[in-house]
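Here the structure comes first, spelled out in structure tokens, and everything after it is commentary.
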Amino acid sequence: MPLYRRIPKLRGTAGGMHAGLPEYVPVNLKDIAEAGFQDGDEVSLETLKKGLMNPLGREKRLPLLKILGDRELSLKLNFKACAFSASAMEKLIYVLQSCKTIKHLHQVQSQIITHGLEQSDCIVPRIIAACGLLKAMTYAHRVFDKISDQNVALWNAMFKGYGQNELHKEAVVLFSKMMKFGVMPNCFTFPMVLKSCVKICALREGEEVHCFVIKNGFRGNLFVGTALIELYSGGRVIEAAYKVFGEMVERNVVVWTSMINGYISCGEIPSARCLFNLAPERDVILWNTMVLGYIELGNMVEARKLFDQMPKKDVISWNTVLNGYANNGDVEECQRLFEEMPEKNVFSWNALIRSYAHNGSFFEVLDAFKRMLIEERVLPNDATLATVLSACARLGALDLGKWVHVYAESNGYKGNVYIGNALIDMYAKCGIIENAMDVFKSMDKKDLISWNTIISGLAMHGRGADALSLFGEMKNAGEMPDGITFIGIMCACTHMGLVEEGLSYFQAMTEDYSIEPQIEHYGCMVDLLARAGRLAEATDFVRRMPMQADSVIWGNLLGSCRIYKNVELAELALKQLIELEPKNPANFVMLSNIYGELGRWKDVAQLKVAMRDTGFKKLPGCSLIGVNEVVVEFYSLDERHSKAEEIYETLKGLTKLLRSSGYVSDIQLLEQGT
DNA sequence: ACGACCCCTT
């Protein structure tokens with residue numbers, strides 16, 4: 001027990017070796033100091049007793065007095081050697097828990113060692129826990145290995161740390177080591193290890209753990225049972241999960257919830273609902289689970305019906321349905337529900353904002369965000385800022401984006417990967433690739449998305465060489481590229497006209513990285529070839545694709561046909577496009593432009609008729625620019641802006657300026673040619 | 001000393 005220290009540490013002049021004195025004596029340095037004693041004082045036991053009794057005779061001190069009894073001892077107080085009582089131990093534990101850096105932890109550890117507590121059952125698990133919070137599990141393992149008597153609590157602390165840090169594989173490996181050493185797990189061990197098995201889809205290992213559970217008689221435990229149900233549900237062996245559920249003698253609402261959740265995640269909603277109806281007790285979490293089940297299977301109507309039936313709703317219930325509407329694109333219902341909510345938290349705001357973003361209503365995203373800031377009841381979190389930044393990216397709202405950047409940094413979101421990634425994207429899309437690069441470089445933790453975002457950002461800005469060199473750095477950093485990475489890479493090659501390189505990256509993607517090319521990749525390759533003028537090869541690529549080319553591919557091909565004035569292929573592309581999207585007049589416009597550029601006015605006229613027959617008008621292209629912190633949208637020949645006249649005057653001036661410096665537009669070329 | 005079920009992101 002930590003309360004007791006060996007007597008020699010509290011050196012008494014009359015000797016701690018006094019016959020009959022218990023080997024361990026509780027001491028409390030703080031109390032002794034508080035009672036006015038000082039280091040080096042020689043006191044009789046009687047005095048000490050009186051001093052300690054004096055202030056209020058707190059119960060904590062009584063054991064000391066009891067054990068020391070009435071012996072006539074004279075003690076020389078040695079504060080340094082004198083050790084830790086409960087309160088000092090608590091202090092030490094508190095310090096351990098509040099370690100902010102690994103350096104700090106080392107300092108506390110040296111304290112621990114000075115006091116000879118480095119093997120203490122009470123302290124070591126806390127050290128491991130502190131390592132877990134500091135994401136230093138390798139170090140934790142070193143500490144763990146140095147402990148001679150590893151009890152279950154220590155093992156459990158390791159499992160917990162691994163779980164917290166997503167080191168599930170390590171947890172599972174450690175468990176097999178534990179079994180090999182013959183250490184007896186307890187009821188806390190199994191749920192943690194099983195959870196790690198679920199996380200890494202280690203069903204087989206999980207089954208082995210299940211065997212140990214049975215062997216050690218833990219299968220009646222509610223926590224263990226819940227974990228087993230989750231193991232089998234996660235492994236899509238719902239029958240096995242149900243077997244565990246059925247064999248449990250005692251089931252609480254958590255067990256029922258896990259089982260129902262298992263059916264839901266296996267897509268068996270009728271079974272889930274059946275169990276839901278049978279459940280002897282339904283708490284708000286079970287209701288929420290069932291509502292979410294319907295939502296996940298796309299049944300918003302049933303979800304809403306259940307939601308309306310709920311006897312008690314918490315903020316999560318509301319958010320669940322809110323998110324359902326947000327993800328299903330029902331902005332109106334989402335909005336309505338949001339206003340009705342009795343209590344809103346940051347998730348509620350995020351759902352509303354995301355529903356706008358999902359719907360492409362980016363101005364509303366910004367408005368909702370501003371409203372959130374003004375109302376001040378709920379602070380935005382990293383998810384909020386990431387969504388807002390992506391809206392800024394879409395709108396080109398650089399000023400607000402910059403503002404969010406400053407806000408994020410002054411609110412401690414500096415190390416957040418989501419925000420970092422969103423910032424890279426925002427700056428790239430707003431045209432400031434240097435800032436995107438700065439953000440990228442400043443991130444001390446980067447993930448795959450950070451690399452993908454900066455690579456495609458550079459590619460889009462025509463900085464293909466930088467994109468490709470970053471791809472090299474990415475590999476050096478040990479980050480595994482995925483399909484998205486290669487889209488960026490191929491895009492970079494396309495921009496630089498590096499056809500052969502592009503083709504070889506495409507090959508490497510499948511051969512070296514075993515990434516199965518998606519339609520986007522084929523599209524990139526078609527684009528790569530077509531833009532380089534190798535239209536025949538591009539067409540060939542389209543033919544050899546394992547899937548049907550979509551409108552994007554044909555559209556891009558049509559675009560290249562315009563540049564290289566290949567009418568036959570353009571007509572073929574248009575034919576495909578009309579089949580794929582008969583309602584999109586933009587396709588006609590493209591071919592019509594090609595005819596026009598070649599002076600085939602008869603064909604242009606014919607196409608116009610065909611286009612009119614479709615009955616659809618081409619939506620004019622829309623541009624968005626940020627002016628004085630406000631984003632303005634305008635169309636071709638748009639006169640809605642209050643300063644339209646001024647704008648067009650400026651534009652005219654700009655065009656004049658461009659011409660005087662030798663710029664010739666396509667239209668003029670056309671005029672000259674005919 | 002240690003534990004389970006529901007809402008959030010690029």
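Computed over heavy atoms, backbone and side chain alike; hydrogens, waters and symmetry mates excluded. Keep in mind that what you see is a predicted model, and the values were worked out from it rather than measured. A, B, ... follow the sequence lines: proteins, then strands. Residue 1 opens every chain.
Two residues are said to be in side-chain contact when any heavy atoms from C-beta on lie closer than 4.5 Å; L385(A) and F369(A) meet this criterion. The shortest side-chain heavy-atom distance between N261(A) and S233(A) does not fall under the 4.5 Å cut-off.
Taking only side-chain nitrogens and oxygens, K195(A) never comes nearer than 4.0 Å to OP1 or OP2 of dA4(B).
The nearest whole Å value for the distance from the CD1 atom in I454(A) to the P atom in dT10(B) is 19 Å. Rounded to whole Å, the distance from CD1 on I93(A) to C1' on dA1(B) is 9 Å. Taking atom CZ of residue R282(A) and atom P of nucleotide dC5(B), one finds them 21 Å apart after rounding to whole Å. The distance from atom CD1 of I285(A) to atom P of dC6(B) is 8 Å, rounded to the nearest whole Å. Atoms CG (L96(A)) and C1' (dA1(B)) sit 13 Å apart, rounded to a whole Å. In this structure, the CG atom of L352(A) is 14 Å from the P atom of dT9(B), given to the nearest Å. Separating the CD atom of E343(A) from the C1' atom of dC7(B) is a distance of 12 Å, rounded to the nearest angstrom. The separation between M443(A) atom CE and dT10(B) atom C1' is 10 Å, rounded to whole Å.
Checked against dC2(B), dA4(B), dT10(B), the side chain of N186(A) finds its nearest nucleotide in dC2(B). The side chain of D314(A) sits closest to dC6(B) out of dC2(B), dC6(B), dT10(B). Nearest to the side chain of K160(A), among dC8(B), dA4(B), dC2(B), sits dC2(B). You'll find that the side chain of R126(A) is closest to dA1(B), out of dC7(B), dG3(B), dA1(B). Comparing dC5(B), dC6(B), dC7(B) by their nearest atom to the side chain of S258(A) picks out dC5(B). Relative to the side chain of S390(A), the nucleotides dG3(B), dA4(B), dT10(B) differ in distance, and dT10(B) lies closest. Comparing atom distances between the I316(A) side chain and each of dC7(B), dC5(B), dT9(B) picks out dC7(B) as nearest. Comparing dC8(B), dA1(B), dG3(B) against the side chain of A153(A) picks out dA1(B) as the nearest. Of the candidate nucleotides dA4(B), dA1(B), dC5(B), dC5(B) has the atom lying nearest to any side-chain atom of T257(A).
A tilted orientation is assigned to the rings of F190(A) and F218(A), their planes being inclined by 30° to 60°.
Nucleic acid contact for L292(A): sugar-phosphate only, since backbone atoms but no base atoms lie under 4.0 Å from a heavy atom of the residue. Using a 4.0 Å heavy-atom criterion, one finds that D121(A) contacts no nucleic acid atom at all. Residue contacts for N452(A): at a heavy-atom cut-off of 4.0 Å it reaches no nucleic acid atom on any strand shown.
Evaluation of Y418(A) against the base of dT10(B) yields no stacking contact (centre distance < 5.5 Å, interplanar angle < 30° required). Remark: ring of F223(A) stacked against base of dG3(B); centroid gap under 5.5 Å, plane tilt under 30°.
For F159(A) and F188(A), the ring centers sit 6.0 Å or farther from each other. Centroid-to-centroid, the aromatic rings of F338(A) and W318(A) stay 6.0 Å apart or farther.
For a distance-only test at 3.5 Å, the side chain of N221(A) qualifies as a donor-acceptor partner of the base of dG3(B). For dA1(B), the base has no donor-acceptor partner in the side chain of N151(A) [N/O atoms by modelled type, under 3.5 angstrom].
If you check the side chains of N452(A) and T485(A), you find a donor sitting under 3.5 Å from an acceptor.
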